[in-house]
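Following: one structure in structure tokens, then a few remarks.
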Amino acid sequence: MFEIKIFIFFVFINFFVSSYLFAAEIYPDVTWLHYKSPEQAGFTLERLDKIKKFYNKKSFSALLVVKDGAIAIDWGENDRRFPIHSIRKSLLSALYGIHSSSINFQASLADLNCNDNSLLTDQELSAKVFDVISSRSGVYLPAAAENNEMRLNKPARGSYKPSKYWWYNNWDFNVAGTLFSKITGEEILGSIATQLAAPLQMQDYRVTDVTFP
């Protein structure tokens with residue numbers, strides 16, 4: 001199995017800039033606009049050179065920097081479909097934020113009738129939505145997409161009560177997706193398309209490229 005190193009920045013802050021070069025705000029059209037050069041966006045050659053050396057040293061696949069609504073740096077294969085995994089947590093977190101006003105984060109797994117093939121104990125069922133999305137559910141059961149290291153180092157079942165211990169737990173990440181659909185009635189991939197990709201004008205996003213455990 002080969003590893004692809006990906007370094008994609010979506011930067012919407014002003015940095016390395018002593019003054020604004022453009023007073024008018026720029027918004028993406030069907031395709032995003034590009035500055036003629038990073039310098040036009042306000043980046044200094046000296047600091048760009050440092051970034052470029054770091055980028056090359058780490059063999060990253062892509063770097064995208066957006067400043068004031070237009071692309072300032074576009075290095076590598078930013079239009080290529082890469083197999084990536086943990087970005088799902090960030091996307092799902094954004095979806096929870098969008099729907100936060102209609103989600104009861106204090107609802108428990110028992111309240112939501114959420115269980116597993118290995119039936120959850122009363123202690124595990126007391127985990128709240130907030131515990132699950134913060135990876136503190138205290139449920140340490142086998143989960144999809146775990147590697148050997150995650151399986152071997154996982155705490156023993158029942159060793160921590162919900163909310164008491166953080167653990168990088170694929171069970172939580174997977175169940176967070178299940179709970180999102182259960183609570184909102186929305187399918188995750190469709191919600192990413194309508195709530196994130198469309199309003200942010202992600203020009204290369206395609207639902208057919210995405211799978212979600």
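Keep in mind it's a predicted model, so treat the numbers as computed, not measured.
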Just wondering, do [Y] and [X] contact through their side chains at under 4.5 Å, heavy atoms?
{"X": "Leu200", "Y": "Tyr205", "value": "no"}
{"X": "Leu179", "Y": "Val175", "value": "yes"}
{"X": "Val129", "Y": "Asn104", "value": "no"}
{"X": "Lys67", "Y": "Pro38", "value": "no"}
{"X": "Gln123", "Y": "Lys161", "value": "yes"}
{"X": "Ser134", "Y": "Trp166", "value": "no"}
{"X": "Leu109", "Y": "Asn115", "value": "no"}
{"X": "Phe43", "Y": "Val65", "value": "yes"}

Nearest-0.5 Å distance, [atom1] of residue [X] to [atom2] of residue [Y]:
{"X": "Leu119", "Y": "Asp122", "atom1": "CG", "atom2": "CG", "value": "11.0 Å"}
{"X": "Thr121", "Y": "Asp116", "atom1": "OG1", "atom2": "CG", "value": "11.5 Å"}
{"X": "Lys57", "Y": "Lys53", "atom1": "NZ", "atom2": "NZ", "value": "11.5 Å"}
{"X": "Gln106", "Y": "Asp111", "atom1": "CD", "atom2": "CG", "value": "10.5 Å"}
{"X": "Ser137", "Y": "Tyr160", "atom1": "OG", "atom2": "OH", "value": "13.5 Å"}
{"X": "Glu124", "Y": "Asp131", "atom1": "CD", "atom2": "CG", "value": "12.5 Å"}

Are a donor atom and an acceptor atom from the side chains of Tyr168 and Ser86 found within less than 3.5 Å of each other?
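The answer is yes; a qualifying pair exists.
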Looking only at the side chains, is there a donor atom on one of Asn78 and Asp74 sitting less than 3.5 Å from an acceptor on the other?
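Distance-only check passes for Asn78 and Asp74.
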Audit row: Phe173, Arg88, side-chain contact (heavy atoms from CB on, under 4.5 Å) steps and yes/no
CA-CA 9 Å; Phe173 307 142; Arg88 67 172 173 140; 3.6 Å; yes
State whether the number of non-hydrogen atoms from other residues, nucleotides or ligands found under 6.0 Å of Leu33 atom CG is greater than 12.
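Check passes, neighbour count above 12.
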Assess whether atom CG of Asn147 is packed by more than 12 heavy atoms of other residues, nucleotides or ligands within 6.0 Å.
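Enclosed.
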Closest heavy-atom contact between [X] and [Y]?
{"X": "Ala176", "Y": "Ile133", "result": "CB-CG2, 4.2 Å"}
{"X": "Gln201", "Y": "Trp32", "result": "O-NE1, 2.7 Å"}
{"X": "Asn170", "Y": "Met150", "result": "OD1-CE, 3.3 Å"}
{"X": "Ser100", "Y": "Gly97", "result": "OG-O, 2.9 Å"}
{"X": "Cys114", "Y": "Leu120", "result": "O-CD1, 3.8 Å"}
{"X": "Ser181", "Y": "Glu186", "result": "OG-O, 3.0 Å"}

Test salt bridge (Lys or Arg N to Asp or Glu O under 4.0 Å) applied to Glu146 - qualifying residues, sequence neighbours left out
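With neighbours one apart ignored, the set is Lys154.
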Could you label the plane-to-plane angle of the Tyr55 and Phe60 rings as parallel, tilted or perpendicular, counting under 30° as parallel and over 60° as perpendicular?
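The arrangement is tilted - the two ring planes meet at 30° to 60°.
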After noting the C-alpha distance and the side-chain angles of Phe105 and Val132, does the key distance pass the side-chain contact (heavy atoms from CB on, under 4.5 Å) rule?
CA-CA 9 Å; Phe105 291 95; Val132 173; over 6 Å; no
Quick check: does any side chain N or O of [X] sit under 3.5 Å from a backbone N or O of [Y], one acting as donor and the other as acceptor?
{"X": "Thr194", "Y": "Gly190", "value": "yes"}
{"X": "Gln40", "Y": "Lys36", "value": "yes"}
{"X": "Asp49", "Y": "Leu45", "value": "no"}

Is there a path of hydrophobic side-chain contacts, each under 4.5 Å between heavy atoms, that joins Phe130 and Trp167?
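Unlinked, Phe130 and Trp167 end up in two clusters.
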Partners of Asp209 by side-chain hydrogen bond (donor to acceptor under 3.5 Å, both in side chains), sequence neighbours excluded?
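With neighbours one apart ignored, the set is Arg81, Arg206.
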One pair to check against side chain to side chain donor-acceptor pair (under 3.5 Å): Asn169 and Ser135. What are the steps and the verdict?
CA-CA 6 Å; Asn169 190 358; Ser135 201; 5.6 Å; no
Between Trp171 and Tyr140, is the ring centre distance below 6.0 Å?
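Trp171 vs Tyr140: aromatic centres not under 6.0 Å.
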Dump the intermediate steps for side-chain contact (heavy atoms from CB on, under 4.5 Å) on Leu91 and Ile188, then the final yes or no.
CA-CA 10 Å; Leu91 295 175; Ile188 292 175; over 6 Å; no
Please collect all ring pair (Phe, Tyr, Trp, His ring centres under 6.0 Å) contacts where either partner lies in residues 178-203, sequence neighbours excluded, each pair once.
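Sorted pair list: Tyr96-Phe180, His99-Phe180.
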